[in-house]
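Written below as structure tokens is the structure these notes are about.
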Amino acid sequence: GGGGSGIKAKSLDGVFCLGADAEESMQKGQNAKSADEPAIQVLGMCRAADAFYEQGELHRAAREVEQAQGLIQEIGFDEGRALSMVLVARIYAKQGDMSTADQLDEALDLAADAQEKFKSLGAKKCEAAAWLALAMARHANKLYDEGNLAAKEAQLLLQQMDDKVGEAEVYKVVIDGYLMQNRCQKAASMVKKARALYVEIGDRLKEGEIFHKLGQIELKAYDEAKAFSALQTAQQMFREAGANKKEAEVLGTLKDYQLRKGRVSEAVQICQKMVTAHNRAGDTRAEGRAMMELSKLLIDQGQVSLAKKTADMAYKICSSARDGDAATKASDLRNQVKNESLKEEIRSSMDINGHVAHYPIQPVLDFELNKKVPTALHELGQKGL
């Protein structure tokens, strides 16, 4: 590659975190973006895109890739082009149904071409990332067995590099493939393999994440007891590690499940814990939004005065977080609660005065219209209308 000919395989391999700390990777990426050399800037953009992807922020990842692609074009940087191909393939595959058939098709070609390029450069971690992107693209195209073969190639490379964190990422891709086919038992057995790797390297946070995943799988398999046990373990691990944000994510899984089952009072209790977890994490935006959800659930339960208090608090929190969109919604919610409490007052006053006036709920007013209609129609007919 002309523009980046001085770039070594080791620098390329630094781009993909493959399960390593995304926050740290993001920081390094942002630093590299302000380098003098355009090729290093490209690596920084790709690294930031990868970190956004890992954090589930696909739109921001796509924006970084677009920026990188412009510069790659300008300086003619082949290795950079291969990096961007892996990133695009992963984004298309991850979007699943939101990608067009053409995009899913393109993902297959992009990942396969990048894999060949990285193999020729001897950049093993990049090649493993390309194989994984190909596995995801094949799964997204419903080529499940072929997807697992690509994942196996990635695994072999990562084992050669003794990268256990990366190897566990391979299992996660395979797990997602099994879940797409509703093969929950196979997915659960892969979870055990990933967990064994995390236990070996002593990464409690990653182990917590894998228990969260197991909980989600067991819910999908309708095994509530196993699911709750796994989710509780995840929650406990995150609590001990002080990972409040992750704990809130587990609570979110539980809350959504209870709501699907129509258990609103359980969901209310979980939602209260979510507010606390976001508060401990110092994430004011998330706290405000969780408080809003709590208020909505309380309205559903008919606990209007509590709903009013939480809606007021949600509004204050969202405003202090300068979360304009949420503050507007919280303001609407306060109005909704006001209406609910007015309705409640009217209802109770009707109950109290019920013995005085027996109004039917929907009075039927009959001004003998039905008798007049036929004659009116007859007259219109005579007028030739």
Side-chain angles (χ1 to χ4, degrees), residues 1-95 98-100 102-137 140 154 157 163 166 169:
S5 49
I7 298 289
K8 301 272 187 295
K10 190 174 183 306
S11 307
L12 294 173
D13 275 344
V15 168
F16 297 106
C17 57
L18 285 188
D21 187 358
E23 296 272 329
E24 192 185 315
S25 204
M26 174 72 74
Q27 201 48 58
K28 287 182 177 168
Q30 298 296 0
N31 293 345
K33 277 164 69 175
S34 53
D36 296 334
E37 203 184 322
I40 303 288
Q41 290 173 26
V42 168
L43 295 184
M45 289 167 193
C46 289
R47 189 163 196 159
D50 175 64
F52 279 133
Y53 167 85
E54 290 285 342
Q55 290 165 342
E57 301 206 40
L58 298 187
H59 284 293
R60 294 175 81 175
R63 274 211 300 273
E64 290 284 347
V65 178
E66 275 168 20
Q67 241 186 324
Q69 281 171 329
L71 194 48
I72 288 163
Q73 198 70 30
E74 211 177 294
I75 63 172
F77 180 18
D78 277 353
E79 294 88 336
R81 188 171 293 113
L83 290 170
S84 73
M85 285 156 72
V86 171
L87 291 162
V88 173
R90 282 204 299 189
I91 291 169
Y92 285 163
K94 191 73 165 177
Q95 286 182 156
M98 285 168 63
S99 292
T100 63
D102 283 348
Q103 286 173 331
L104 291 180
D105 209 34
E106 193 187 339
L108 292 168
D109 293 337
L110 290 171
D113 292 352
Q115 182 269 319
E116 283 175 19
K117 175 74 180 169
F118 288 130
K119 188 179 178 69
S120 72
L121 290 167
K124 279 190 179 173
K125 194 166 182 182
C126 289
E127 192 193 342
W131 276 120
L132 267 190
L134 184 57
M136 289 172 65
L157 280 167
D163 182 349
E169 288 301 301

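Side chains are part of it too, since the values below use all heavy atoms of this structure and drop only hydrogens, waters and symmetry mates.
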Point to revise | Whether Gln103 side chain and Thr100 backbone form a donor-acceptor pair below 3.5 Å | key: yes
Exercise for review: Could I get the full list of side chain to side chain contact (heavy atoms under 4.5 Å, CB included) partners for Asp21, not counting sequence neighbours?
Suggested key: Glu23, Glu24
**Study point:** Sub-4.5 Å side-chain heavy-atom contact between Met45 and Val65
**Key:** no
**Study point:** CE on Met136 to CG on Leu108, rounded to 0.5 Å
**Key:** 12.0 Å
Practice item. Determine, step by step, whether Gln55 and Met26 satisfy the side-chain contact (heavy atoms from CB on, under 4.5 Å) criterion, reporting the C-alpha distance in whole Å, the side-chain angles of both residues, the deciding distance to 0.1 Å, and the verdict. Key: CA-CA 10 Å; Gln55 290 165 342; Met26 174 72 74; 3.9 Å; yes
Check your understanding: Less than 4.5 Å apart, any side-chain heavy atom of Glu74 and any of Gln69?
Key -> no
Review point. Quick one: salt bridge (charged side-chain N to carboxylate O under 4.0 Å, His left out) partners of Lys94, sequence neighbours excluded?
Key: none
Point to revise | Separation of Leu71 CG from Ile75 CD1 (nearest 0.5 Å) | key: 5.0 Å
Check your understanding: Looking only at heavy atoms, which two atoms of Cys126 and Asp13 are closest? And how far apart?
Key -> N-OD1, 2.8 Å
Exercise for review: Kindly indicate, with the supporting measurements, whether the criterion side-chain contact (heavy atoms from CB on, under 4.5 Å) is fulfilled by Leu134 and Gln115.
Suggested key: CA-CA 9 Å; Leu134 184 57; Gln115 182 269 319; 5.7 Å; no
Review point. Hey, does the side chain of Gln41 reach the backbone of Ala35 with a donor-acceptor pair shorter than 3.5 angstrom?
Key: yes
Revision key, fill the gap. Distance col, row Ile72:CD1 vs Cys46:SG, nearest 0.5 angstrom, shows 5.0 Å
Review point. Minimum heavy-atom separation for Ala89 to Ala107, with atom names?
Key: CB-O, 3.6 Å
Exercise for review: Provide the closest heavy-atom pair for Val86 versus Ala129 in the form atom of the first, atom of the second, distance.
Suggested key: CG1-O, 3.9 Å
Practice item. First locate atom CD1 of Ile91, then atom CZ of Phe52, and finally report the distance between them rounded to the nearest 0.5 Å. Key: 11.0 Å
Practice item. Search all heavy atoms of Ala130 against all heavy atoms of Phe118 and return the closest pair with its distance. Key: CB-CD1, 4.3 Å
Exercise for review: Identify, with sequence neighbours excluded, every residue that meets salt bridge (charged side-chain N to carboxylate O under 4.0 Å, His left out) alongside Arg60.
Suggested key: Glu57
Check your understanding: Does the Arg47 side chain pair with the main chain of Phe16, one donor and one acceptor, at a distance under 3.5 Å?
Key -> no
Review point. Are Leu157 and Lys125 close enough, and set up right, to give a side-chain contact (heavy atoms from CB on, under 4.5 Å), and what steps lead you there?
Key: CA-CA 8 Å; Leu157 280 167; Lys125 194 166 182 182; over 6 Å; no
Exercise for review: Give the C-alpha distance, both sets of side-chain angles, the deciding distance and a yes or no for salt bridge (Lys or Arg N to Asp or Glu O under 4.0 Å) between Lys33 and Glu64.
Suggested key: CA-CA 11 Å; Lys33 277 164 69 175; Glu64 290 284 347; 3.0 Å; yes
Practice item. Working to the nearest 0.5 Å, report the span between CG of Leu58 and CZ of Arg90. Key: 10.0 Å
Review point. What distance separates Glu66 CD from Leu87 CG, expressed to the nearest 0.5 Å?
Key: 12.0 Å
Point to revise | Close side-chain approach of Arg81 and Met85, heavy atoms under 4.5 Å | key: yes
**Study point:** Smallest separation among heavy atoms of Ala51 and Ala22, with atom names
**Key:** CB-O, 3.6 Å
Check your understanding: Where the side chain of Asp50 meets the backbone of Cys17, is there a donor-acceptor pair that is under 3.5 Å apart?
Key -> yes
Point to revise | Heavy-atom pair with the smallest gap, counting every atom of Ala9 and Gly122 | key: CB-O, 3.9 Å
